[in-house]
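One structure is given here, and the rest of the page talks about it.
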Amino acid sequence: MENCLKCEDNKWPNQEKTLCIEKQIEFLSYSDDPLTLIFIIISMMLFIIAAVILGIFISFRDTPVVRANNHTLSFILLVSIKLSFLSVFLFLGRPVNITCMLRQTSFGITFSIAVSCVLAKTLMVCIAFKATKPGSRWQKWVGVKLADWLVFICSLIQFLISVIWLVIAPPYVEHNTHSEPGKIIIQCNEGSAIGFYIVLSYMGLLASVSFIVAFLARSLPDSFNEAKYITFSML
């Protein structure tokens, strides 16, 4: 009691309580953590599948089936899905400030683009079938670049939310010395919990709207409504 010394935050007393030793540093390491390897394998497998599908679409881009399927939206959808899979790597390895800032925002933007594409594809199918009725007011929307603008605006909103979050209270590296005794967990502090939940909420909103539109379009012919199955399987 007379010579009691408190160890520093990055140190921990040994078993005999006679010496302060360095705490073990913990994060999702590329070399020592088997969970990291599992994430890498799953991510790369899904990325390769999306890349193969994109290659097939590009190879047959001039065929009537691909052109009738709004090939531009299909390309954007597949590329955004590939980028979403690659964003997993921002969550692996030792966190630094730049990866902390990019991990949530990059996934939020790419996933929002993917969901926006599904929403636009389903919406255009609904409009196309409604416009077949004589005198329908939906006819003026057929042929208009409505789908492209919808994807652009929905993605732009998520991009602006992410930029505002990064400007006001960006995520940063945090050394957590209190969660587990004897360990320092290197993690990312989200900076602003409000910004983080707004990004998540907006993705949830887009997914919910896509689900509602797909549900309303459930009675349309299956040959023209593949977005319905994409939405239901995604959700």
Side-chain angles (χ1 to χ4, degrees), residues 46-47 49-54 56-58 60-61 64-88 103-133 136-165 195-235:
L46 295 174
F47 175 83
I49 292 172
V52 170
I53 296 173
L54 178 61
I56 294 173
F57 266 75
I58 294 175
F60 296 94
R61 62 185 178 277
V65 174
V66 175
R67 292 178 67 88
N69 196 36
N70 199 332
H71 60 284
T72 303
L73 280 184
S74 299
F75 293 159
I76 297 174
L77 173 62
L78 288 168
V79 170
S80 61
I81 289 175
K82 287 168 59 179
L83 293 176
S84 296
F85 291 142
L86 290 181
S87 65
V88 171
R103 56 169 56 177
Q104 301 291 354
T105 54
S106 62
F107 176 75
I109 293 171
T110 54
F111 188 74
S112 295
I113 294 173
V115 178
S116 300
C117 289
V118 176
L119 173 60
K121 286 167 71 71
T122 312
L123 192 62
M124 292 310 297
V125 170
C126 293
I127 292 176
F129 274 88
K130 288 182 179 294
T132 57
K133 298 178 181 179
S136 175
R137 66 179 184 274
W138 294 100
Q139 291 180 356
K140 63 181 179 181
W141 296 105
V142 177
V144 180
K145 295 292 185 179
L146 177 62
D148 297 339
W149 278 105
L150 182 63
V151 173
F152 175 75
I153 292 173
C154 292
S155 306
L156 180 62
I157 292 173
Q158 182 70 287
F159 176 78
L160 292 177
I161 292 173
S162 301
V163 169
I164 293 171
W165 176 20
F196 173 69
Y197 287 116
I198 289 176
V199 169
L200 288 183
S201 300
Y202 184 72
M203 286 192 291
L205 175 64
L206 286 179
S208 301
V209 174
S210 299
F211 179 81
I212 293 171
V213 175
F215 180 78
L216 296 175
R218 69 190 184 282
S219 58
L220 298 179
D222 296 341
S223 301
F224 303 94
N225 200 19
E226 84 290 345
K228 174 179 67 176
Y229 297 107
I230 296 174
T231 302
F232 289 155
S233 61
M234 179 181 63
L235 295 177

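Keep in mind that what you see is a predicted model, and the values were worked out from it rather than measured. Each residue takes its place number in the sequence, starting with 1.
Counting heavy atoms from C-beta outward, Val79 and Leu54 have side chains that approach closer than 4.5 Å. Inter-residue side-chain proximity for Ile198 and Trp165 is flagged as unmet; no heavy-atom pair is nearer than 4.5 Å.
With Cys117 as reference, Leu77 is the one residue of Ile81, Leu78, Thr72, Leu77 to meet the side-chain contact (heavy atoms from CB on, under 4.5 Å) rule.
Around the CZ atom of Phe159, the shell of radius 6.0 Å holds no more than 12 heavy atoms that belong to other residues, nucleotides or ligands.
The distance from the OG1 atom of Thr105 to the CD1 atom of Ile161 is 12.0 Å, given to the nearest 0.5 Å. Separating the CD1 atom in Ile56 from the OG atom in Ser74 is a distance of 13.0 Å, to the nearest 0.5 Å. Taking CG from Leu119 and OG from Ser208, the interatomic distance works out to 11.0 Å, rounded to the nearest 0.5 Å. Of the inter-residue distances, the one linking Ile53 atom CD1 with Ile58 atom CD1 reads 12.0 Å to the nearest 0.5 angstrom. With rounding to the nearest 0.5 angstrom, the CG atom of Asp148 is 11.0 Å from the CD1 atom of Ile153. Atom OG of Ser201 is separated from atom CZ of Phe196 by 9.5 Å, given to the nearest 0.5 angstrom.
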Could you walk me through whether Ser162 and Gln104 pass side-chain contact (heavy atoms from CB on, under 4.5 Å), step by step? CA-CA 9 Å; Ser162 301; Gln104 301 291 354; over 6 Å; no
Report the C-alpha separation of Ser116 and Phe152 in whole Å, then their side-chain angles, then the decisive distance to 0.1 Å, and conclude whether the side-chain contact (heavy atoms from CB on, under 4.5 Å) test is met. CA-CA 8 Å; Ser116 300; Phe152 175 75; over 6 Å; no
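Considering all non-hydrogen atoms of both residues, Gly108 and Met203 come closest at CA-SD, 3.6 Å. Pairing each heavy atom of Lys121 with each of Leu73, the nearest pair is CG-CD1, 3.7 Å. Minimum interatomic distance between Cys154 and Tyr202 (heavy atoms only, all atoms of both residues): O-OH, 2.8 Å. The nearest pair of heavy atoms linking Val115 to Ala207 is CG1-N, 3.7 Å.
Ring geometry for Phe107 versus Phe111: interplanar angle under 30°, hence parallel rather than tilted (30 to 60°).
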